[in-house]
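Structure, as structure tokens:
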Amino acid sequence: MAYFYIKRALDFLIAIVLLVVLLPLFLLTAVIINYDIDRNVIFKQLRVGLNRKTFSIYKFRTMKDLYDDDGNLLPDHKRLTKTGGLIRKFSLDELPQLINILKGEMSFVGPRPLLVQYLNYYTQEEQLRHDVLPGITGWAQINGRNSISWDEKLNLDIYYVHNKSFWLDFKILLLTIWKVLKGKDINAQEDITMPMLSEIRKDRKND
């Protein structure tokens, strides 16, 4: 139990420090997005967090709202701008999640919060990913992220839940920083480079 309280205190303090230190970068990114992508620079989406509670995750917008002739939103890869791609490459789109951390909805390290519509497609074991706060980065993110299958990714999340510790968190953070600086593995998003979990498991939905 001490792990959770100490981790929460550290998350809160580090998030405050980073918000102050990174404020110029935060503002510069917002200005660039406002000019090149959309005036609404923050993208919000419902995700599932601790104890299966939903919350609004904050990200910098990286895609334009573009529609086809029938009024349907175009696929993500057609809406992602070059600027948005660069923002994602260096994970700058994740910066607003520092606010989620301050609100106690997320941690720096934990399973990535996934879409609400995936809730009915997890196995009972995979539901354990909701026993901890979701994170900006996690064990699955440094072990392949979108180059691995959904089953492998969710198994890595469960591994983290069963083996969580300050040492594992520290290791994940160090490897995440290295991958971000190298522009490797950490920048793509689930809904662009992977099929949706609800499509992969549509024949085994849990009612």
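Along the sequence shown, residues carry numbers from 1. Heavy atoms only: backbone and side chains are in, while hydrogens, waters and symmetry mates are out.
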Find out if a path of hydrophobic residues (ILVMFWY) with successive side-chain heavy-atom gaps under 4.5 Å connects V31 to F26. no
Quick one: are L115 and M196 in side-chain contact, heavy atoms under 4.5 Å? yes
What distance separates D151 CG from N155 CG, expressed to the nearest 0.5 Å? 6.5 Å
Could you go through Y58 and F43, starting from their C-alpha distance and side-chain angles, then the distance that decides it, and tell me whether this counts as ring pair (Phe, Tyr, Trp, His ring centres under 6.0 Å)? CA-CA 6 Å; Y58 304 123; F43 169 77; over 10 Å; no
Side chains of E94 and S91: donor-acceptor distance under 3.5 Å anywhere? no
Is a donor on one side and an acceptor on the other found under 3.5 Å between the side chain of K164 and the backbone of V161? yes
Please report the closest heavy-atom contact between G84 and T81, naming both atoms and the distance. N-OG1, 2.8 Å
Value for CD1 (I87) from CG (D36), rounded to nearest 0.5 Å, stands at 8.0 Å
Test item: side-chain donor near acceptor, D93 and T62, under 3.5 Å: no
Fit a plane to each ring of Y3 and F166, take the angle between them on a 0 to 90° scale, and name the class: parallel (under 30°), tilted (30 to 60°) or perpendicular (over 60°). tilted
Are the side chain of R47 and the backbone N or O of S56 linked by a donor-acceptor pair below 3.5 Å? no
Could you check whether any side-chain heavy atom of W139 comes within less than 4.5 Å of a side-chain heavy atom of D157, counting everything from C-beta outward? no
Could you tell me which non-hydrogen atom of P113 sits nearest to which non-hydrogen atom of G135, and how far apart they are? CD-O, 3.6 Å
Criterion side-chain contact (heavy atoms from CB on, under 4.5 Å) on R61 and I37, from CA distance to verdict: CA-CA 8 Å; R61 188 175 297 275; I37 300 176; 4.2 Å; yes
To the nearest 0.5 angstrom, please state how far the CD1 atom of I101 sits from the CZ atom of F12. 11.5 Å
Using the rule that Ile, Leu, Val, Met, Phe, Trp and Tyr join whenever any side-chain heavy atoms are under 4.5 Å apart, tell me whether L18 and L10 fall into a single cluster. yes
Between Q127 and R129, a side-chain donor and acceptor under 3.5 Å: no
Give me the atom names and distance for the closest heavy-atom approach of L133 to P111. O-CD, 4.0 Å
Could you tell me if the side chain of L173 sits less than 4.5 Å from the side chain of F108, heavy atoms only? yes
Kindly state whether the ring of Y118 and the ring of W150 have centres lying under 6.0 angstrom apart. yes
Hey, does the side chain of R79 reach the backbone of M63 with a donor-acceptor pair shorter than 3.5 angstrom? no
Would you check, one step at a time, whether the test side-chain contact (heavy atoms from CB on, under 4.5 Å) holds for I32 with L28? CA-CA 6 Å; I32 292 173; L28 177 61; 4.1 Å; yes
Does the side-chain contact (heavy atoms from CB on, under 4.5 Å) test come out yes or no for L50 and H130, once each step is laid out? CA-CA 5 Å; L50 180 65; H130 302 123; over 6 Å; no
Determine whether I33 and T83 satisfy the following criterion, side-chain contact (heavy atoms from CB on, under 4.5 Å), listing intermediate values before the conclusion. CA-CA 8 Å; I33 293 171; T83 299; 5.6 Å; no
Say whether, by atom type as modelled, one donor and one acceptor occur between the side chain of N163 and the main chain of Y159 under 3.5 angstrom. yes
L114 side chain reached by V48 side chain, heavy atoms, under 4.5 Å: no
Is it true that a side-chain atom of S107 and a backbone atom of G110 form a donor plus acceptor pair closer than 3.5 Å? no
State whether the side chain of R112 and the backbone N or O of T137 hold a donor-acceptor pair below 3.5 Å, judged by distance alone. no
Is the shortest heavy-atom distance from the side chain of D11 to the side chain of M106 under 4.5 Å? no
